[in-house]
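Below, each value reflects all heavy atoms present in this structure, side chains not excepted, and no hydrogens, waters or symmetry copies. None of these values were measured; they are calculated from a predicted model.
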Amino acid sequence: MPLEVKIRRKLKGFALDVSFSTDREVMGLLGASGSGKSMTLRCIAGIDKPDEGRIVLNGEVLYDSEKKISLPPQKRKIGYLFQNYALFPTMTAEENIGISLKCPGDEKAARVAEMIRKYRLEGLEKRTPAELSGGQQQRVALARMLITDPKVIMLDEPFSAMDAFLREQMLQELLSMLQEYQGEVLMVSHSRDDIYKCCRNLTIISSGKSLMSGDTKEIFRNPVLKETCRLTGCKNISPAKKTGDRKIFAEDWKLELETAEDVPDDLTAVGIRGHMIRRSDPEAQEGNCFHARQTGMVEAPFEYQYLVENAKGGKPIWWMVRKEESLQGNGQVFDGILHLPPESLMLLKD
């Protein structure tokens, strides 16, 4: 694999223990704030040093605790886009872009000019970071990172400081840039939406540990672990017990449910995403149905998010409905039959 990471690092009150590999793809690292995502990037870059483990890039050992190998950051050929961009405040945009480029003056000026054109920074060359917008600062930071032709680029929460409109605009620009780049890409985020849009593969990190790695869409479809299900944004997770080969009892929702797959013996919970729940006709006599009563509602720009309870008791379930599909408007109360499709149930373990 072009990039292999298996490292451990102990700090006061925190232990990092992560492992994953990439192969010419965009790998996302998804986890909550403080889970160890940024520390993982810093260890790969050589800014922080693990206590033990191994980091290999394209067959070259960057770090190996047993062999006592630890290359300095400047020899690792890694581009790092920091969360706050880390631009030098007294330097102009063109000076920031060219700061790490070591070549004759004419060649350096030509390379910087090329990056200025590529990232649409014409006319901004002499401005300092304080005179640039957030999007312009990010483009300067991207240009500075890529001008040295790194073997790996690492993006640490690249959209965290942006408003919604600029976020989508920069996401599209980043996707375009990633299509041209031929090396390895690691992207850290606590936003499941950004990871899903940008990353073909995904590693879930929780409390310093890598829980699982694999195809991003497959992990979202079948997260397997309760914590992975939560981190990928599922609001509806209930403790569950196996009651048959394809039957479970969801304890929080007081529901006996049929599943599309055989239930594993180590099942501990069941999850379903709110968008997968749908209405049912009382006369249809479908399985996995219950009489739901609305206990709350949040109106989002394009959907209603209903909080409903089983009429027989239990804890609430979130049900998401696009506005054009909703029979209820703002202020109206839902009281009817809902269906939890067997194929949409996620069977989970600890």
Side-chain angles (χ1 to χ4, degrees), residues 1-23 25-57 61-66 69-73 76 78-86 145 150 152-161 184-216 219-220 223-234 237 348-350:
M1 297 289 182
L3 178 64
E4 298 176 74
V5 177
K6 188 173 184 179
I7 53 175
R8 292 182 180 178
R9 189 178 185 213
K10 291 183 179 180
L11 298 172
K12 186 177 181 180
F14 184 81
L16 184 73
D17 184 359
V18 299
S19 61
F20 60 87
S21 60
T22 69
D23 191 3
E25 67 219 4
V26 183
M27 167 68 81
L29 304 182
L30 176 64
S33 297
S35 60
K37 306 182 303 297
S38 295
M39 185 186 295
T40 299
L41 295 193
R42 292 172 65 86
C43 287
I44 295 170
I47 300 170
D48 286 341
K49 186 177 179 181
D51 296 323
E52 58 180 298
R54 181 176 166 87
I55 303 170
V56 182
L57 175 61
V61 178
L62 306 183
Y63 173 80
D64 190 315
S65 56
E66 290 187 0
I69 297 173
S70 183
L71 296 186
R76 298 194 182 197
I78 290 174
Y80 197 153
L81 182 66
F82 292 90
Q83 189 170 343
N84 61 359
Y85 309 139
M145 177 178 66
V152 178
I153 58 176
M154 303 194 302
L155 312 171
D156 192 352
E157 299 282 3
F159 311 115
S160 62
E184 303 299 316
V185 181
L186 294 178
M187 177 176 164
V188 154
S189 183
H190 64 269
S191 168
R192 65 183 187 278
D193 292 340
D194 291 347
I195 290 289
Y196 193 88
K197 292 173 184 176
C198 295
C199 305
R200 179 180 175 183
N201 286 306
L202 171 63
T203 293
I204 300 287
I205 296 180
S206 177
S207 301
K209 293 181 172 57
S210 49
L211 298 184
M212 64 187 308
S213 296
D215 180 86
T216 299
I219 288 178
F220 272 73
V224 180
L225 301 176
K226 185 165 60 176
E227 179 66 5
T228 299
C229 188
R230 186 185 68 81
L231 288 171
T232 55
C234 183
I237 301 174
L348 308 170
K349 59 184 179 181
D350 291 332

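Looking at S213, its side chain never comes within 3.5 Å of a backbone N or O of F20 through a donor-acceptor pair. Counting only distance, with no hydrogens or angles, the side chain of S189 and the backbone of S191 share a donor-acceptor pair below 3.5 Å. Of the possible polar contacts, one joining the K37 side chain to the A32 backbone as a donor-acceptor pair under 3.5 Å is found.
Nearest heavy-atom pair across P72 and R76 is O-CG, 3.4 Å. Taking every heavy atom of both residues into account, L16 and G36 meet most closely at CD1-O, 3.7 Å.
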**Request:** Step by step, work out the side-chain contact (heavy atoms from CB on, under 4.5 Å) result for V18 and K209.
**Result:** CA-CA 5 Å; V18 299; K209 293 181 172 57; 6.0 Å; no

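Salt bridge annotation for D17-R8: present, with a cationic side-chain nitrogen under 4.0 angstrom from a carboxylate oxygen. At a threshold of 4.0 Å, the pair R9-D48 counts as salt-bridged, since one of the basic side-chain nitrogens sits closer than that to a carboxylate oxygen. We find that D350 and K226 are joined by a salt bridge, their nearest charged nitrogen and carboxylate oxygen being less than 4.0 Å apart. Using a 4.0 Å cut-off between charged nitrogen and carboxylate oxygen, D64 and R54 count as a salt-bridge pair.
No side-chain donor-acceptor contact under 3.5 Å links S21 and E4.
Looking only at side-chain heavy atoms (C-beta outward), H190 and L231 stay at 4.5 Å or farther from each other.
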